[in-house]
Protein chains: 2
Amino acid sequence: MDRNFTFLNSISNISEEAFSEVKKISTFKKIEAGTQIVKLSDVPSKAYMLVSGIIRCYVITESGKEFNKSFYLPVSFAASLTALMKRKPSVFVFEALTDCKIYEIDYYKLMRLCDTNSNLKNLYTKVLEFLYVKYEKRLVESITLNATERYLQLKKEIPNVDELISQYQIASYLGITAVQLSRIRKKVS
Amino acid sequence: MDRNFTFLNSISNISEEAFSEVKKISTFKKIEAGTQIVKLSDVPSKAYMLVSGIIRCYVITESGKEFNKSFYLPVSFAASLTALMKRKPSVFVFEALTDCKIYEIDYYKLMRLCDTNSNLKNLYTKVLEFLYVKYEKRLVESITLNATERYLQLKKEIPNVDELISQYQIASYLGITAVQLSRIRKKVS
DNA sequence: TTAGTTAATTAACAAATGTTAATTTTTAAG
DNA sequence: CTTAAAAATTAACATTTGTTAATTAACTAA
């Protein structure tokens with residue numbers, strides 16, 4: 001049995017036929033560390049399923065600072081979803097932090113499949129619900145927790161985050177400087 | 001023509017039949033300022049459409065501090081969505097800041113309607129997409145902007161926010177103290 | 001209007017975080 | 001192993017924000 005079918009099926013039941021339709025609009029790719037699969041101001045047309053490696057999604061402020069919005073670990077979906085939904089340029093960059101294996105999925109073809117296949121429509125809805133829950137949680141954490149607590153929360157979600165992801169990238173995710181993260185690490189250890 | 005039909009139809013085209021089905025599972029209510037339509041640790045079953053007044057949604061930390069996650073102005077949907085989706089107790093309180101007029105909609109009956117009515121399913125998906133865009137934006141702002149910039153951003157979204165909502169409530173939304181908001185107001189004026 | 005209450009501002013000091021630069025540690029390349 | 005480059009830590013000082021308490025302003029009820 002296909003591992004990816006099992007993964008999708010665990011989110012929402014889909015038929016093997018529906019899975020086979022999705023396969024037809026997907027391309028397996030190996031990408032190198034540093035590759036930007038979604039570039040700044042690109043009008044994207046693809047969503048991604050990450051099966052190995054780590055991807056980060058970041059935004060650049062007017063003053064040129066980078067802030068990581070998300071880290072993606074396998075298996076997960078990564079996409080500049082707002083840009084896809086609105087057919088607008090992406091304000092986010094999606095960049096491989098390590099060599100990665102991904103499936104590139106044509107978002108608009110997927111939406112066409114959803115129009116006629118309620119299995120897939122349900123899957124898409126489930127993914128949207130999952131993302132809603134995820135970002136609502138992040139938002140509440142970013143308002144209610146201080147930087148130390150946010151760091152401990154991240155470590156709870158990704159226990160070996162310190163080995164996987166560099167200090168600068170973690171600090172950028174937490175919304176603090178690398179110097180401050182260093183102080184926090186000293187304090188909590 | 002029904003105003004509410006026009007509103008829903010502007011999000012995603014629905015038939016008059018579908019609208020009439022939704023009406024059947026909805027109840028119009030007038031609530032007083034201070035009323036909690038979703039209480040802490042309630043397992044909710046309703047979603048709300050706000051047609052007049054202001055509602056806030058807040059979370060309470062372990063140390064007892066309140067943080068506002070959202071303000072709702074008419075016309076908008078308000079619901080403890082994560083709790084509804086997971087059938088779990090709500091970590092949020094939804095409370096009327098002023099007298100309000102609302103439609104109370106049975107979420108699970110709505111989901112049943114979505115199962116058989118693709119119009120409504122599309123509407124639900126559109127609302128989820130809208131919420132995704134909204135919270136992603138808030139999250140990015142909360143990470144990339146300082147308190148002063150977040151305050152100015154809120155004023156851009158709700159120009160008369162200072163008259164509508166008290167200092168304490170605004171500060172709680174921004175994730176700062178009322179004292180700090182007072183300093184910021186002095187600085188930016 | 002007046003007294004009492006609540007909301008907002010201000011002040012003084014403490015704690016957290018930013019900025020810049022120097023230093024140390026780790027990693028990578030030869 | 002040695003050296004160069006990158007990453008992480010530390011230090012010193014500035015800025016932002018929190019905390020507590022006092023003061024002022026605005027609102028409410030009698």
Side-chain angles (χ1 to χ4, degrees), chain A residues 32-34 53-54 56 58-68 71 95-99 139-155 158 160-189, chain B residues 32-34 54 56 58-68 71 95-99 140-155 158 160-189:
Chain A
E32 281 184 6
I54 304 176
R56 72 168 174 136
Y58 67 95
V59 65
I60 304 172
T61 64
E62 291 174 14
S63 56
K65 285 182 197 155
E66 289 178 6
F67 288 92
N68 287 322
F71 297 124
E95 181 184 282
L97 284 175
T98 66
D99 293 352
L139 176 60
V140 169
E141 286 168 4
S142 78
I143 297 174
T144 61
L145 304 182
N146 63 34
T148 304
E149 293 165 327
R150 294 202 300 280
Y151 174 60
L152 294 175
Q153 179 63 32
L154 177 62
K155 287 190 68 139
I158 311 177
N160 54 341
V161 66
D162 291 331
E163 291 91 67
L164 292 175
I165 297 170
S166 77
Q167 182 208 49
Y168 169 81
Q169 299 294 348
I170 294 174
S172 161
Y173 176 90
L174 298 173
I176 56 176
T177 60
V179 171
Q180 183 60 11
L181 177 54
S182 180
R183 291 182 190 126
I184 290 172
R185 278 177 168 166
K186 189 180 181 183
K187 194 179 67 182
V188 302
S189 69
Chain B
E32 280 183 8
I54 303 176
R56 72 169 176 137
Y58 67 94
V59 64
I60 303 171
T61 64
E62 291 174 15
S63 57
K65 285 183 198 155
E66 290 179 4
F67 289 91
N68 287 321
F71 297 124
E95 181 184 284
L97 284 175
T98 66
D99 292 354
V140 169
E141 286 169 4
S142 79
I143 299 175
T144 62
L145 304 183
N146 62 36
T148 303
E149 295 166 325
R150 293 202 300 281
Y151 173 60
L152 294 175
Q153 178 65 32
L154 177 62
K155 286 190 67 134
I158 311 178
N160 52 341
V161 67
D162 291 329
E163 291 91 66
L164 292 174
I165 300 169
S166 77
Q167 184 207 50
Y168 170 81
Q169 298 295 348
I170 295 174
S172 161
Y173 176 90
L174 298 172
I176 56 177
T177 60
V179 172
Q180 183 59 13
L181 176 54
S182 180
R183 292 195 279 238
I184 290 172
R185 278 177 168 169
K186 190 180 180 184
K187 195 179 66 179
V188 302
S189 67

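Below, chain A is the first sequence line, B the second, and so on; all start at residue 1.
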> Using the C1' atoms of the five pairs at each end, what is the angle between the end axes of the helix from dT1(C)-dA30(D) to dG30(C)-dC1(D), to 10°?
Replying inline: 40°
> In whole angstrom, what separates Y168(A)'s OH from dT27(C)'s P?
Replying inline: 20 Å
> When you check every protein heavy atom under 4.0 Å of nucleotides 15-29 of chain D, what one-letter string (B, S, -) results, 5' to 3'?
Replying inline: --BBBB---------
> Are E66(A) and Y168(A) close enough, and set up right, to give a side-chain contact (heavy atoms from CB on, under 4.5 Å), and what steps lead you there?
Replying inline: CA-CA 10 Å; E66(A) 289 178 6; Y168(A) 169 81; 3.7 Å; yes
>> The criterion is ring pair (Phe, Tyr, Trp, His ring centres under 6.0 Å); which residues satisfy it with Y58(A), sequence neighbours excluded?
In response: none
>> According to side chain to side chain donor-acceptor pair (under 3.5 Å), who are the partners of K187(B), at least two apart in sequence or on a separate chain?
In response: T148(B)
>> Taking side chain to side chain donor-acceptor pair (under 3.5 Å) as the definition, give me every residue that meets it alongside S142(A), ordered by chain and number, with sequence neighbours left out.
In response: S142(B)
> By salt bridge (charged side-chain N to carboxylate O under 4.0 Å, His left out), which residues pair with D99(B), not counting sequence neighbours?
Replying inline: none
>> Restricting to ring pair (Phe, Tyr, Trp, His ring centres under 6.0 Å), what partner residues turn up for Y151(A), sequence neighbours left out?
In response: none
>> Using the side chain to side chain donor-acceptor pair (under 3.5 Å) criterion, which residues pair with R183(B)? Sequence neighbours excluded.
In response: Q180(B)
> Rounded to whole angstrom units, what separation is found between the CZ atom of R185(A) and the P atom of dA7(D)?
Replying inline: 13 Å
> Residues two or more places apart in sequence or in another chain: which of them pass ring pair (Phe, Tyr, Trp, His ring centres under 6.0 Å) with F67(A)?
Replying inline: none
